[in-house]
Amino acid sequence: MNMLTKLGDIARSPGDPAVVAEGPSSLSAGDRGARTLGWVSIGLGVTGLLAAPALARALGIEGKEGAIRACAVRELGSGVLCLSVNPGLGLAMRAAGDAVDLAALAAARGASEGKERNVDVAIAAVASLTLFDLACLSLLRAERAPGRRAGEEPRRHYSDRSGLPRGIDASRGIARDLPDAGAAGDAAVAAI
Amino acid sequence: MKALVWHGKEDVRCDTVSDPGIEDPRDAIIKVTSCAICGSDLHLFHNLIPAMLPGDIMGHEAMGEVVEVGKGLDGKLTVGERVVVPFTIVCGECDQCRRGNYSVCEVSNRRRDLAEKVFGHPTAGLFGYTHLTGGYPGGQAEYLRVPFADTTHVKVPDRMTDEQALFLSDILPTGWQAAVNCDIQPTDTVAVWGCGPVGQMAIRSALLLGAQQVVAIDRLSDRLSMAEAGGAVTIDFEAESVVERLNDLTGGKGPDKCIDAVGMESHVTPSQPDTLLDRAKQMMLLENDRPHVLREMIYVCRPGGVISIPGVYSGLIDKVPLGMAMNKGLTFRMGQTHVQRWTGELVRRIENGEIDPSFVITHEAGLADGPDMYKLFRDKQDSCIKVVLKP
């Protein structure tokens, strides 16, 4: 049992059922991947904001600290989206950001003045994350797409489900005799 | 026993938990035979309603057989009886219960301290909901402790099936109350936003209560087809303008009565730009709910009309045109459902064959499949509208 559940038990009534053994989670592989990448984004965003000068020096692009901070803010936004109930949007934003980062790093490589190796490492890291982002986005879309699970029909129709055994025309208005809300309340109270 | 337990955002598990026991003389223990996943369970699943705690048991639509009773039930409930458990826990004795305002029972919320801080006053305790409403363990479980069981039950007639009776716990009285709150007249057009389970019940309730025309608004063809089967004219909001179509259907007057069966999670789409802004604010904790439907209802409702809100809202909302509503003289009615106010009436109508609520069930599964069913319902996969679980 995880720590949060144990903490929750403190706030619950002593007689309430307590978790004895946990079952499988509703979180899918895509959900977990998106959450992991969301926290990676937030970590990168915080690092970018706090250590922009050091990163610029390491990459040989002094004077571009503002651009690094802008990318960091974007990372934070992507991270929040990845952790939200619309993680696909966050992953798409991450993938688009990866493309921007790769283009910027490729451009920076020519002007990095002896730091080409560091830039190469950065390009490799971003490229690896891009693969994770795209794989996770693809997985999540497959898992969450409405009506598109393997073997499912696109959408069904429920035209035979009226719920009105007497038919629509015969049912219209047959409850007009309903007492007003106050009287209904009085009747219910009397029943109790 | 087995139960569906909330562990965090979108993380529900079928856990083994300790069995509930009698804690108060007015308690009863129910062996759950059928329970359902409600649309508002998805708000909890998404962690959009505050004060859920990891380890909370989900579910507020349940029924079953009484297996144990406290000593204070005075014969009002006995072992072996089949009962539906209303999602609102009521004492039956406080001033609000005596007025029939059961969802704001002044006694049953065991976390009234929290509710008073957040709502200003306590509201009723609810099963499987947040700790703002008592944090009572829910009914998506093999067994359920029912507090105030002498007043928190609906006895099920022998010939009524679980599938016919189960929705007396919530969605049928909720849709019914939404329609009753509209004070429907024979010439009225009633527009219902959202064709999920509550919307489907509201559509049929409006028809039974005599609306001349019922209009149903959604985007999913399966839900619209079910709404049409219930007598509604349908509008696919992704294919046409809701406002224009409603005005066309009402000779430019607008619907007399509007029902919001969507609530706090309006569909987010670029064709409704306000939903994008609401979603962004919701993620940054600048707004709790996405009130697109409310805005649209206020705009399109006929002056002097009624806005009825059975859909759940959790907190703060922005950019709701109250000036428009005021100048149009609209009446707002809303609230959690006073379930016990309507159940006697509705049991009679089910028995009389006026309505059969089982029409809405699209999926049945065991409790162990519950986590997957939550995802299926969330993503509206496999044309899912209503899931019933059999513990």
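From a predicted model like this one, the values you see are computed outputs, not experimental measurements. Chain identifiers are assigned alphabetically (A, B, ...) following the order of the sequence lines, protein sequences preceding nucleic acid strands; residue numbering begins at 1 within each chain.
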Within the structure provided, determine whether E228(B) and S159(A) are in side-chain contact (heavy-atom separation under 4.5 Å). no
Okay, S205(B) and chain A: the region with an atom under 4.5 Å from a heavy atom over there is neither
Given heavy-atom pairs under 4.5 angstrom as the criterion, report whether the side chain, backbone, both or neither of N47(B) touches chain A. neither
Given the rule in the side-chain contact (heavy atoms from CB on, under 4.5 Å) test, do R155(A) and K380(B) qualify, once you have shown the distances and angles that lead to the verdict? CA-CA 10 Å; R155(A) 299 218 77 84; K380(B) 299 171 178 64; 4.1 Å; yes
Is there a side-chain contact (heavy atoms from CB on, under 4.5 Å) between D16(A) and E23(B) once you walk through the steps? CA-CA 9 Å; D16(A) 289 351; E23(B) 297 178 30; 4.2 Å; yes
Just grab all the side chain to side chain donor-acceptor pair (under 3.5 Å) pairs involving residues 78-90 of chain A, residues at least two apart or on different chains. N86(A)-R279(B)
Contact part of A3(B) toward chain A, heavy-atom cut-off under 4.5 Å: side chain, backbone, both or neither? neither
Of the listed L81(A), D31(A), V85(A), I174(A), the one with the largest count of heavy-atom pairs under 4.5 Å with chain B is V85(A)
Most heavy-atom pairs under 4.5 angstrom with chain A, which of D56(B), D19(B), V360(B)? D56(B)
Sidechain-backbone polar pair: Y158(A) side chain, F359(B) backbone, donor-acceptor under 3.5 Å: no
Part of N352(B) lying under 4.5 Å from any heavy atom of chain A: both
Just jot down the salt bridge (Lys or Arg N to Asp or Glu O under 4.0 Å) partners of E265(B), sequence neighbours excluded, or say none. none
Is there a donor-acceptor pair closer than 3.5 Å between any side-chain N or O of S26(A) and the backbone N or O of E10(B)? yes
Checking the side chain of R161(A) only, and the main-chain atoms of I361(B) only, is there a donor and an acceptor separated by less than 3.5 Å? yes
Under a 4.5 Å cutoff for heavy-atom pairs, which residue among G344(B), G21(B), P186(B) has the most contacts with chain A? P186(B)
The interface call for V268(B) against chain A, heavy-atom contacts under 4.5 Å, is neither
Per-residue contacts, residues 43-69 of chain A versus chain B, heavy atoms under 4.5 Å: none
Under 4.5 Å heavy-atom distance to chain A, tell me which part of M1(B) shows up: side chain, backbone, both or neither. side chain
Set of side chain to side chain donor-acceptor pair (under 3.5 Å) partners for S25(A), sequence neighbours left out: D11(B)
Region of I57(B) in contact with chain A, defined by heavy-atom distances below 4.5 Å: side chain
Is a side-chain donor or acceptor of S171(A) paired with a backbone partner of L208(B) at a separation under 3.5 angstrom? no
Is any side-chain heavy atom of R204(B) closer than 4.5 Å to a side-chain heavy atom of L164(A)? yes
